[in-house]
**Q** 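I have a structure here, written as structure tokens, and I will follow up with some questions on it.
Side chains included, hydrogens not; waters and symmetry mates left out as well; all remaining heavy atoms used. Note that the structure is predicted; figures quoted are calculated from it, not measured.
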Amino acid sequence: MPELLANLNPEQLAAVTLPNEPALILAGAGSGKTRVLITRIAWLIQQGLASPATVLAVTFTNKAAREMMARLQALLPIDTRGMWIGTFHGLCNRMLRAHYRDAGLPQTFQILDTADQLSAIKRLMKGLNVDDEKYPPKNLQYFINNAKEQGLRPKDVDVTDNFNRKFVELYEAYDQQCQREGVVDFAELLLRCYELLAYNAPLRAHYQARFRDILVDEFQDTNKLQYAWLKMLAGPANAIFAVGDDDQSIYAFRGANVGNMRDFEEEFRVKHLIKLEQNYRSHGYILDAANRLIEHNAHRLGKNLRTDAGHGEPVRVYEAATDSQEAGWIVEEIRALINTGLSRNEVAVLYRSNAQSRTIEHTLVNVGIPYRVYGGLRFFERQEVKHALAYLRLIDNPNDDTAFARVVNFPARGIGARSLEQLADAARLYNCSMAAAVPYVAGKAGSSLAAFATLVGRMRAETQQMSLPETVEYTVRMSGLAEFYQNEREGQDRLENLQELVNAATAFVSEEGYGLDTPARSIPLRPGATAAPEIVSDDGEIEVLDAPAITDPAQNPDLMTPLAGFLSHASLEAGDNQAQAGQDAVQLMTVHAAKGLEFTAVFITGLEEGLFPHENSAMEADGLEEERRLMYVAITRAKERLYLSFAQSRLLHGQTRYNVRSRFFDELPQETLKWLTPKVEAGARWGGRSDNAGYGRDWFSRPDRGASRDSYVESSAPLPAFANEQRAAETGFRVGQQVFHTKFGEGTITALEGSGTDAKAQVRFKRHGEKWLALAVAKLQPVE
DNA sequence: CATTTTCCGATTTTT
DNA sequence: TCGGAAAATG
């Protein structure tokens with residue numbers, strides 16, 4: 001199909017039509033990366049080189065997977081539903097369901113999301129009487145997930161000290177608890193699937209032979225375990241086609257390892273390295289800014305974006321006195337943009353941390369501009385939804401103690417902490433689940449627990465033949481959740497969400513192509529399938545019975561009941577945060593959340609030392625480089641208009657902080673910048689810049705004297721009057737404030753005098769008495 | 001058992 | 001400062 005390949009540039013075309021050999025595509029921002037990925041799959045299938053069943057494409061988010069399937073569906077007359085396109089977790093879940101016995105899991109295993117995992121850990125520690133002050137559950141959670149992502153089981157973790165030994169012990173106990181309950185956490189999905197392939201040679205060979213083409217999106221975001229999993233699938237006759245951009249690696253903090261790109265190149269002797277450098281998104285000045293900034297990073301694979309578009313508008317820079325003034329200016333500019341006819345959806349306000357959204361939201365509300373904030377609570381994370389899901393999980397797998405503990409007393413049935421303690425004791429004694437331990441609890445507690453057990457048992461029996469939507473509807477009703485929220489004063493929204501859950505189940509059934517009457521708890525036979533397929537392992541001998549799935553992926557390749565599928569879906573895809581979705585609104589989000597998106601006009605706000613780059617990143621290895629990549633991602637979101645802003649002072653956690661403008665301004669090509677406020681040179685800045693002192697250090701510097709009230713030009717909003725704060729703003733300190741001096745220790749400011757470089761403070765130190773200090777010299781730090 | 005009070009944390013986040 | 005979660009109280 002020539003149309004398929006039409007309009008591809010030479011590099012894109014080369015990438016799309018590469019032979020079946022290891023390939024690494026370095027795809028810059030806005031270079032048509034997704035298009036290459038999708039077109040290659042379509043091209044392979046169309047050429048007869050691959051079939052829908054022999055392609056495996058893996059992404060990081062469900063959104064990306066969905067987009068890929070939808071666009072592929074539009075290109076080819078095939079059903080993409082059965083194709084192995086999904087997230088790492090989604091695909092691992094699918095494989096584990098198909099081979100649950102080989103993986104050592106019950107057929108009805110459930111998936112713990114992050115919150116479930118934490119509550120499981122807390123329950124475990126309580127049962128073992130572990131001091132949660134000394135061993136914070138959150139730290140243990142991090143420890144466990146980190147170990148799993150390194151591919152380490154408890155026995156593989158190096159014990160370095162007693163503290164660490166305790167963590168390893170708890171890790172082991174946690175894994176045992178999960179195994180007993182038939183639950184897996186996110187990292188376990190990947191590790192278990194990796195081990196399944198690693199320890200089962202015939203199965204590994206089967207999948208290596210099956211998946212001729214393995215395509216990976218956002219390869220720079222893969223962690224060690226994900227890469228190891230991919231390597232398990234790479235065999236003698238297939239190849240990995242990896243697409244990524246090392247300059248957009250911004251997830252090191254959650255285990256992403258950019259080094260995987262270099263490792264892949266070496267380990268697979270990658271012959272085909274193609275750089276996509278033609279950018280189809282941004283105007284020239286914006287791209288110049290991005291290119292120049294990222295050049296300051298040392299360890300790059302190397303890439304330079306170019307565009308055929310003209311220079312376009314310069315990058316506008318604004319210095320504000322305060323964060324609220326910054327917000328005022330942003331909102332005025334947005335108003336002007338909208339007045340020129342720009343749609344609100346095409347305007348994004350980006351910030352480094354969520355706390356910054358408040359001021360901007362506040363200002364937008366004041367002038368009545370609709371906006372949408374990304375992030376926040378998502379549908380399947382809502383408490384009422386999680387409650388309903390817990391009942392469904394109990395119906396499917398009674399051993400799921402996390403679900404049991406969640407709803408045993410919700411709605412309230414008189415089962416308090418003491419009853420539960422008795423139950424937990426019994427469960428430990430008989431080494432069984434809480435549900436199974438119910439008969440061993442005597443007395444009043446025993447009878448209320450028994451009533452709950454009877455309820456769940458009845459629900460399980462009565463839903464046996466029901467379809468998924470019927471099961472959900474029945475569960476919401478019989479659990480008493482519907483009634484509870486009905487009677488609750490503020491329960492209407494929650495009640496609606498429960499109804500929405502029923503709708504979600506209906507939508508799920510239809511999207512997955514099940515018949516509406518398919519029982520929720522049996523493995524469905526789809527039209528055309530001859531038998532319920534299953535893979536049985538016998539002494540390492542693998543009998544592959546899923547032949548229909550291989551020739552026709554639309555025919556039930558999953559071996560998953562609709563209920564298991566729905567519960568997995570709920571855990572793996574938390575859903576949208578539905579706040580103000582749909583309407584034409586200005587988009588507010590963190591820079592991280594903006595990755596992959598594009599807007600006509602972009603505001604990057606809070607460009608201050610300590611905030612962006614963030615002070616905490618100074619502690620981490622290569623932290624500054626990651627911050628710079630983050631800035632690179634932010635800049636490359638903009639198509640036509642880019643605005644950068646910063647504020648001299650900012651209210652954060654109830655305290656005013658005085659910040660120096662971000663070093664990133666000095667790393668941008670000055671000729672692309674148009675300062676809307678006078679640019680103050682670093683040398684003229686109070687106290688100067690201390691580039692070698694570690695950038696987390698000097699964010700308490702004085703406000704900028706150069707930018708006094710009347711020196712603003714082109715300022716669309718008047719400066720706020722803050723005369724009563726003037727002294728504080730000028731010196732960065734106020735009388736009565738607690739400060740710390742490197743030599744004299746802690747003290748209280750008793751007086752302030754002078755301004756600018758002559759500013760002095762009188763400080764009463766705890767040990768050294770009262771002293772006058774020249775603020776230009778003394779390194780005073782505020783103390784909370 | 002439910003409501004009030006206190007306490008803690010505070011960068012980024014998907015699965 | 002502020003919001004969620006644990007602890008304290010009626």
Side-chain angles (χ1 to χ4, degrees), chain A residues 58-65 86-93 111-119 122 126 132-133 136-138 142 145 148-149 184-191 193 218 221-223 225-226 249-256 323 350-359 362 374-378 380-381 383 409-420 448 488 568-575 577 589-596 606 610-620 623 626-627 629-631 633-634 650-657 696 784:
Chain A
V58 59
T59 62
F60 271 85
T61 64
N62 292 294
K63 197 175 153 215
T87 62
F88 280 98
H89 294 83
L91 296 176
C92 285
N93 179 44
I111 300 165
L112 299 183
D113 67 18
T114 312
D116 294 334
Q117 184 190 32
L118 188 60
S119 74
K122 284 181 180 168
K126 207 166 206 167
D132 60 359
E133 302 258 294
K138 277 226 171 78
Y142 175 81
N145 291 337
K148 289 187 180 183
E149 278 165 17
V184 295
D185 57 52
F186 287 140
E188 183 72 25
L189 274 177
L190 293 169
L191 183 54
C193 191
E218 306 274 20
D221 287 339
T222 50
N223 64 30
L225 181 53
Q226 287 160 337
S249 162
I250 55 172
Y251 285 111
F253 70 92
R254 64 176 198 211
D323 51 346
L350 309 185
Y351 34 83
R352 177 64 179 81
S353 64
N354 288 302
Q356 289 166 254
S357 77
R358 251 191 45 230
T359 323
H362 191 82
Y374 280 68
L377 202 59
R378 302 190 305 177
F380 288 110
E381 292 168 354
Q383 66 145 326
N409 195 37
F410 197 96
R413 332 186 144 78
I415 300 171
R418 253 180 315 121
S419 309
L420 280 181
S448 31
E488 184 100 328
S568 298
H569 170 80
S571 300
L572 294 177
E573 178 163 14
N577 79 319
M589 67 192 83
T590 63
V591 180
H592 282 93
K595 192 177 162 210
L611 204 64
F612 199 0
H614 198 279
E615 53 198 292
N616 291 1
S617 69
M619 325 278 197
E620 286 145 32
E626 175 130 330
E627 294 291 303
R629 289 192 291 268
L630 202 47
M631 182 65 185
V633 167
R650 182 175 295 278
L651 203 61
L652 198 66
H653 307 318
Q655 282 214 315
T656 306
R657 288 181 25 164
E784 273 75 28

**Q** Can you see which heavy atom on A:Thr222 is nearest to which on A:Phe88, and at what distance?
**A**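 Taking A:Thr222 first and A:Phe88 second, the nearest heavy atoms are CG2-CZ, 3.7 Å.
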
**Q** Heavy atoms only, 4.0 Å cut-off, all strands: where does A:Phe60 land among base, sugar-phosphate and nothing?
**A**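 Sugar-phosphate contact only - A:Phe60 comes under 4.0 Å of backbone atoms but never of a base.
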
**Q** Each nucleotide in nucleotides 5-10 of chain C should get exactly one letter: B, S or -. Can you fill that in based on protein heavy atoms under 4.0 Å?
**A** -S----

**Q** Tell me whether A:Asn409 contacts the main-chain N or O of A:Ile415 through its side chain, where contact means a donor paired with an acceptor under 3.5 Å.
**A**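 Yes, A:Asn409 side chain to A:Ile415 backbone: donor-acceptor pair under 3.5 Å.
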
**Q** Which part of the nucleic acid does A:Asp113 contact within heavy-atom distance under 4.0 Å: base, sugar-phosphate only, or nothing?
**A**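 Since no nucleic acid heavy atom lies under 4.0 Å of A:Asp113, the category is nothing.
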
**Q** Tell me every residue that passes side-chain contact (heavy atoms from CB on, under 4.5 Å) with A:Thr590, counting only those two or more places apart in sequence or in another chain.
**A**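 Checked A:Thr590 against side-chain contact (heavy atoms from CB on, under 4.5 Å); matches are A:Tyr351, A:Asn354, A:His592, A:Ala593.
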
**Q** I want to confirm an ordering. Mapping A:Asn354 and A:Glu381 to their closest nucleotides on DNA chain B, which one lands closer to the 5' end?
**A**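 Nearest-nucleotide comparison on DNA chain B picks A:Asn354.
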
**Q** Toss me the dot-bracket line for DNA chain B: Watson-Crick and G-U wobble, both under 3.5 Å, 5' to 3', using | for pairs to another strand and [ ] for crossers.
**A** ||||||||||.....

**Q** May I ask you to say what A:Ile415 touches in the nucleic acid, namely base, sugar-phosphate or nothing, with a heavy-atom cut-off under 4.0 Å?
**A**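 Counting heavy atoms under 4.0 Å across all strands, the contact made by A:Ile415 is with sugar-phosphate only.
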
**Q** Report the residues that fulfil salt bridge (charged side-chain N to carboxylate O under 4.0 Å, His left out) with A:Asp323, sequence neighbours left out, ordered by chain and then residue number.
**A**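 With neighbours one apart ignored, the set is empty.
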
**Q** Need two values: the first and the last nucleotide of DNA chain B, 5' to 3', having an atom under 4.0 Å from any heavy-atom of chain A.
**A**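 Listed 5' to 3', the contact boundaries are B:dC1 to B:dT15.
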
**Q** Under the ring-ring contact (aromatic ring centres under 6.0 Å, His included) rule, collect the residues that match up with A:Phe410, sequence neighbours excluded.
**A**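 Expected list: A:His387, A:Phe484.
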
**Q** With A:Glu620, which residues qualify under salt bridge (charged side-chain N to carboxylate O under 4.0 Å, His left out), at least two apart?
**A**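 With sequence neighbours excluded, A:Glu620 shows a salt bridge (charged side-chain N to carboxylate O under 4.0 Å, His left out) to no residue whatsoever.
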
**Q** Listing time: all N or O pairs from protein to nucleotides 1-3 of chain C that are below 3.5 Å?
**A**
residue: C:dT1; atom: O4'; partner: A:Gly654; partner atom: N; Å: 3.4

**Q** Using a 4.0 Å heavy-atom cut-off across all strands, classify A:Ser571 as base, sugar-phosphate, or nothing.
**A**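 Nothing: the residue A:Ser571, judged by heavy atoms under 4.0 Å, touches no strand.
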
**Q** Under 3.5 Å, is there a donor-acceptor pair between the A:Gln356 and A:Ser353 side chains?
**A**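 Short answer, yes.
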
**Q** Given that A:Ser353 and A:Ala574 both sit by DNA chain B, which one's nearest nucleotide is further toward the 5' end?
**A**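 Looking at the nearest nucleotide for each, A:Ser353 comes out on the 5' side.
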
**Q** Can you list everything that forms a side-chain contact (heavy atoms from CB on, under 4.5 Å) with A:Lys595? Sequence neighbours excluded, please.
**A**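 side-chain contact (heavy atoms from CB on, under 4.5 Å) list for A:Lys595, sorted by chain: A:Glu218, A:Gln220, A:Asp221, A:Gln248, A:Ile250, A:Tyr251, A:Val633.
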
**Q** At under 4.0 Å between heavy atoms, what does A:Glu149 touch on the DNA or RNA strands: base, sugar-phosphate, or nothing?
**A**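 Touches nothing.
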
**Q** Could you work out, with side-chain contact (heavy atoms from CB on, under 4.5 Å) as the rule, every residue matching A:Lys63, not counting sequence neighbours?
**A**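 Here the qualifying residues are A:Thr61, A:Arg66, A:Leu597.
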
**Q** So, using side chain to side chain donor-acceptor pair (under 3.5 Å) as the criterion, who are the partners of A:Glu149 when residues are at least two apart?
**A**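 Expected list: none.
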
**Q** Enter the distance from A:Glu627:CD to A:His614:NE2 here, rounded to the nearest 0.5 Å.
**A**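 Interatomic distance, A:Glu627 CD to A:His614 NE2, rounded to 0.5 Å: 7.5 Å.
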
**Q** Which residues pass the salt bridge (charged side-chain N to carboxylate O under 4.0 Å, His left out) test with A:Arg629, sequence neighbours left out?
**A**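 Once residues adjacent in sequence are excluded, the partners of A:Arg629 under the salt bridge (charged side-chain N to carboxylate O under 4.0 Å, His left out) criterion are A:Glu626.
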
**Q** Is the side chain of A:Asn62 donor-acceptor paired with the backbone N or O of A:Leu572 at a distance under 3.5 Å, no angle test?
**A**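 Yes, the answer is positive, given that a donor and an acceptor are paired below the 3.5 Å cut-off.
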
